[in-house]
Amino acid sequence: MNKLSPVVAFLVFMGVFVLSRTATRDFLASWVALEGVVLGLASLVASVLLSALAAGAVLYVSRLVSGE
């Protein structure tokens with residue numbers, strides 16, 4: 001399980017990033033007055049942070065399950 005968890009965490013990171021990219025862009029465009037490059041950068045940062053949170057949760061749970 002220890003060797004598989006980084007691979008699963010990476011796949012979760014990529015999946016959450018792809019799925020949350022347009023959702024964060026739409027959310028930021030509707031709630032905050034952002035446009036153009038600033039909107040693109042803000043949605044990129046938000047998507048990366050959400051993805052990192054999900055991947056970190058996978059790694060944390062795998063660490064709890066393995067007992068380390």
Notebook entry, point to check: At what distance, to the nearest 0.5 angstrom, does CZ of Phe17 lie from CG of Leu49?
Noted result: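 Atom-to-atom, Phe17:CZ and Leu49:CG are 11.0 Å apart.
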
Check: Once you round to the nearest 0.5 Å, how far does CG of Leu39 lie from OG1 of Thr24?
Finding: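 So the CG of Leu39 and the OG1 of Thr24 are separated by 8.5 Å.
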
Notebook entry, point to check: Has the side chain of Ser62 got a donor or acceptor atom that lies under 3.5 Å from a matching backbone atom of Leu59?
Noted result: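 Yes, Ser62 side chain to Leu59 backbone: donor-acceptor pair under 3.5 Å.
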
Next item on the list: Spell out, as yes or no, whether a donor-acceptor pair under 3.5 Å connects the side chain of Ser43 to the backbone of Arg25.
Entry: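 No: the side chain of Ser43 does not pair with the backbone of Arg25.
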
Next item on the list: Group every Ile, Leu, Val, Met, Phe, Trp and Tyr by side-chain heavy-atom contacts under 4.5 Å, then state whether Val58 and Leu4 land in the same group.
Entry: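 Same hydrophobic cluster.
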
Check: Do Val38 and Leu28 belong to the same hydrophobic cluster, where Ile, Leu, Val, Met, Phe, Trp and Tyr are linked whenever their side-chain heavy atoms lie under 4.5 Å apart, directly or via other members?
Finding: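 Yes; Leu28 is reachable from Val38 via cluster members.
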
Next item on the list: Taking all heavy atoms of Ser47 and all of Ser51, pick out the closest pair and write down the distance.
Entry: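 Between these two residues, the closest heavy atoms are O-OG, 2.8 Å.
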
